[in-house]
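Written below as structure tokens is the structure these notes are about.
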Amino acid sequence: MTLDQSNKKVSLWQPNRPKSKLIELIIKIIFGSFAFVSIATTMGIVLTLIFNTVDFFKEVSFLHYLTDTKWTPLFSSANFGIFVLISATVLSSVIAIVVALPLGLLSAICLSEYATERTRKILKPILEILAGVPTVVYGYFALLFLTPLLRLPMPEWVQNIIPAWDQFIPGLQGFNSLSAGIVLGIMIMPLVASLSEDAIYAVPQSLRDGAYALGATKREVIISVVLPAALSGIVSSLILAISRAIGETMIVALAAGQNPRLGLNPFVPVMTMTAFIVQVSLGDTPAGSIAYKTIYAVGMTLFLITLVLNIFSFWFVRRFREKYD
Amino acid sequence: MIEKTAQNSNHDRSNLYDTALKKRYGIDNIFAVATWSAISISVIVLAVLLIDVCIDGIPKLNWNFLTSFPSRNPEEAGLLSALVGTIWMMITVAAVSFPLGVGAGIYLEEFASDNWFNRLVEININNLAGVPSIIYGLLGLQVFVRLFEPMTGGRSILSGSLTIALLILPVIIVSTREALRSIPDSLRLAGYALGATKWQIIWEHIFPLAIPGILTGTILALSRGIGETAPLITIGALTFISFLPENLQSAFTVLPIQIFNWVSRPQPEFHDLAAAGIIVLMVVLMVMNAGAIILRNKFQKKF
């Protein structure tokens, strides 16, 4: 009687393991191929850049590309000196990091060491909002707020004393890498702040207590104990921020101008690598034309620079990370 | 008596070693003020940015502005086509990147064993997150606009959306993995104990619990994608569009491109339009972010 019942139950409910296993295998293959999309993206980027760059160097010599001092790819007498664009990119990124390093690092120290839990809860979202502002908005801010502010005419009595001081920053033109760089710095500041804060926050309390026990003040503890312990994280956040600044497009395309110019004068219009790609893209560029290939060569240069920085940042963290267990 | 000795010895030592506490605390205070002012600067900058945009933009913001097409005459210009383009793109990007990102995230977190393929994928995702967005634009220009032109229709919504979807994919994958990781293993083990397969556990137990976290990450990634300008300019999204898109293969414009277009014109009237456009864009982004925060607070369970 009981045997019959259990037999009946078995016939009602079938586990059907083979079917479940088959579904799982199919799902696993589909999701695995989704994961492969990310590899395909990288391969796509690398192959696209390489093919077009090789095409480009069939027409322009590599030596010419590295040593020329003019960048006029769209003129009939074309010159391709990439260092003209690189100098502008380096200039705006250096200004950005000069702004972002002190602001970001001090903010990180403030959030992690000085702010109470409640203030932290208010301040962190503000940094997140700053990080989430679209870059075209920053471009607007740099071109139409900061540049006019820096070009405000000085009051007459100042001009009477120093005649050359006609505006707040003399010689600053409507497009310049100074305000583009400053706003770039503001854009990457939240990145420096939040990554550095993670690193500072991760330093164990026992290290601080040890330093306090030796009679150090709070600032001395932070500067001589906490910051060195968090150095690898701070440096890597800085490198990532530089790489972000180099690849940033809209701020420099709007505020720094479209004048390819070799040199490091922050007051005049320049053209960065990304701004050049934008300039060409705004026009109608047929595939296969030299302008089309040029944006890929510039893109390749940009890609290599940021790749090296990113790899260096990862390597730095691995090499110099202090472990406290 | 004891106090006196202490004082004496203290006095003696102070000849050898000057603690200079007053000076050190003075520098301490300066340092504290410096950190607080650094963080105040970011707050002030955000406030100034918002106020500046609002002062320029709010007078231009009216119903006409939202329902007119772009025009060479700043009085008549509006951003209807850009707003509609952004909504089209948001939906398409979400439809492409959500299943791809979540699927890849589930694979990497739940299925993947520690072999070379999975390690490669992981390193690769970290690297992709550091690639400048304009490079994705170059990829999209070559692959989606040129190579697959018969399918995508060239410089179309579909090409733009696929480019942006690839751009935000790493973010979605990472947040999916984090959401899955926050579900404790005891739930999985309970499922195995009842004889369920891995997929049954993931689909019926883990996924429903992880979905708020996944959605939050996806919305944040989407809001980043919606604000992107550079890749879309690179694939050649047109800036002057006075019609609404009809299908995925239509030419299109989006809010950031329209704003870029207005900012880069010399006439100040267009700059005010750009400010108004920025307000619209920021409102769209803020609604999305608020949605993400509400989702997170309402549905996320602590284990």
Side-chain angles (χ1 to χ4, degrees), chain A residues 20-21 23-24 27-28 30-32 34-35 37-39 41-42 44-45 48-49 52 102-103 106-107 109-111 114 123 126-127 129-130 132 134-137 139-141 143-145 186 189 217-220 240 243 247 249-250 254 274 277-278 281-282 287 295-296 299 302-303 306 310, chain B residues 24-25 27-28 31-32 34-36 38-39 41-43 45-46 49 52 100 103-104 106-108 111 120-121 124-125 127-128 130-135 138-139 142-143 146 166 169-170 173 195 197-200 223-224 227 229-230 233-234 236 256 259-260 263-264 271 274 278 281 285 289:
Chain A
S20 310
K21 288 273 181 196
I23 292 176
E24 181 170 311
I27 296 277
K28 196 173 165 179
I30 293 175
F31 284 3
F34 286 179
V37 168
S38 74
I39 301 232
T41 308
T42 307
I45 289 175
T48 313
L49 290 176
N52 285 297
L103 281 185
L106 286 173
S107 299
I109 293 171
C110 183
L111 282 175
Y114 286 96
L123 289 174
I126 291 179
L127 284 183
I129 296 175
L130 262 182
T135 52
V136 71
V137 178
Y140 170 93
F141 188 64
L143 179 68
L144 300 174
F145 180 81
I186 291 167
M189 193 277 274
T217 66
K218 187 160 191 172
R219 165 190 53 91
E220 288 161 347
L240 284 182
S243 146
T249 311
M250 298 324 294
L254 279 171
T274 49
I277 298 176
V278 166
S281 304
L282 285 175
I295 59 175
Y296 281 91
L302 183 66
F303 179 72
T306 52
N310 290 341
Chain B
R24 286 161 65 199
Y25 277 129
I27 302 176
D28 263 41
F31 186 73
T35 64
W36 280 108
I39 203 138
I41 286 176
S42 49
V43 177
V45 166
L46 184 64
L49 194 151
D52 176 51
L100 275 183
I106 290 178
Y107 175 81
L108 289 173
F111 287 119
L120 185 69
V121 172
N124 184 48
I125 288 171
N127 268 328
L128 275 181
V131 173
S133 63
I134 199 164
I135 302 285
L138 292 175
L139 171 74
Q142 179 72 42
V143 174
R146 304 243 183 262
L166 289 184
L169 207 52
I173 294 176
T197 62
K198 201 166 211 172
W199 171 241
Q200 286 168 334
S223 75
R224 191 191 145 199
T229 325
I233 289 183
T234 312
I259 293 166
F260 171 77
V263 175
S264 55
H271 296 165
I278 287 173
L281 177 63
L285 294 182
N289 283 317

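So you know, we letter chains A, B, ... as the sequences are listed, proteins then strands, and number each from 1. Not measured: the values here are computed from a predicted model.
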Let me know if A:I126 has heavy atoms under 4.5 Å from chain B in its side chain, its backbone, both or neither.
both
With chain A, the option among B:L128, B:I173, B:L108 that has the most non-hydrogen atom pairs under 4.5 Å is B:L128
Let me know if B:V143 has heavy atoms under 4.5 Å from chain A in its side chain, its backbone, both or neither.
side chain
Flag the one option from B:N289, B:T197, B:V131 with the top tally of heavy-atom pairs under 4.5 Å to chain A.
B:T197
Below 4.5 Å from any heavy atom of chain B, which atoms of A:I30 appear? Answer side chain, backbone, both or neither.
neither
Sequence-distant partners of B:F31, ring-ring contact (aromatic ring centres under 6.0 Å, His included), two or more places apart
none
Okay, A:L127 and chain B: the region with an atom under 4.5 Å from a heavy atom over there is side chain
Contacting moiety of B:I41, where chain A heavy atoms sit under 4.5 Å:
side chain
A:T217 side, atom OG1; B:D28 side, atom CG - distance, nearest 0.5 Å
3.5 Å
Can you tell me how far OG1 of A:T274 sits from CD1 of B:I233, rounded to the nearest 0.5 angstrom?
11.0 Å
Side chains of B:F260 and A:L282: closer than 4.5 Å at any heavy-atom pair?
yes
For B:L49, is it the side chain, the backbone, both or neither that has a heavy atom under 4.5 Å from a heavy atom of chain A?
both
Max heavy-atom pairs within cutoff under 4.5 Å with chain A, candidates B:K198, B:H271, B:R24, goes to B:R24
Using non-hydrogen atoms only, which part of A:F141 is less than 4.5 Å away from chain B: side chain, backbone, both, or neither?
side chain
Are A:F303 and A:Y296 packed together at the side-chain level, in the sense that at least one heavy-atom pair is separated by less than 4.5 angstrom?
no
Between A:G44, A:G32, A:G299, the one whose heavy-atom pairs under 4.5 Å with chain B are most numerous
A:G32
Just wondering, do A:I23 and B:Q200 contact through their side chains at under 4.5 Å, heavy atoms?
no
Separation between OG1 (A:T48) and CZ (B:R146), nearest 0.5 Å, reads 12.0 Å
Taking ring-ring contact (aromatic ring centres under 6.0 Å, His included) as the definition, give me every residue that meets it alongside B:Y107, ordered by chain and number, with sequence neighbours left out.
none
To the nearest 0.5 Å, what is the distance between CG on A:N52 and CG on B:L138?
8.5 Å
Measuring only between side-chain heavy atoms, which start at C-beta, is A:E24 closer than 4.5 Å to B:F111?
yes
Options B:G103, B:A104, B:A274, ranked by heavy-atom pairs under 4.5 Å with chain A, top entry:
B:G103
When heavy-atom pairs shorter than 4.5 Å are enumerated against chain B, which of A:M250, A:K21, A:M189 gives the highest number?
A:M250
Measure A:T306 against the heavy atoms of chain B and call it side chain, backbone, both or neither at under 4.5 Å.
side chain
So which part of A:L123 gets closer than 4.5 Å to some heavy atom of chain B, the side chain, the backbone, both or neither?
side chain
Segment of B:L281 engaging chain A (4.5 angstrom heavy-atom cut-off):
side chain
When rounded to the nearest 0.5 Å, the distance separating CG of B:L139 from OG1 of A:T42 is 9.5 Å
Tell me, for A:V37 versus chain B, whether the close heavy atoms (under 4.5 Å) come from the side chain, the backbone, both or neither.
side chain
Quick check on the interface: out of A:P102, A:P134, A:G247, who has the most heavy-atom pairs with chain B under 4.5 Å?
A:P134
Taking side chain as everything from C-beta outward and backbone as N, CA, C, O, which of these in A:S243 sits under 4.5 Å from a heavy atom of chain B? Side chain, backbone, both or neither.
side chain
Side chain / backbone / both / neither for B:L285 at chain A, heavy atoms under 4.5 Å:
side chain
Measure the CG-CG distance between A:L143 and A:L254 for me, rounded to the nearest 0.5 Å.
6.5 Å
Looking at side-chain heavy atoms only, is the closest gap between B:S42 and A:I186 below 4.5 Å?
no
Check whether B:R224 gets within reach of chain A through its side chain, its backbone, both or neither, counting any heavy atom under 4.5 Å.
neither
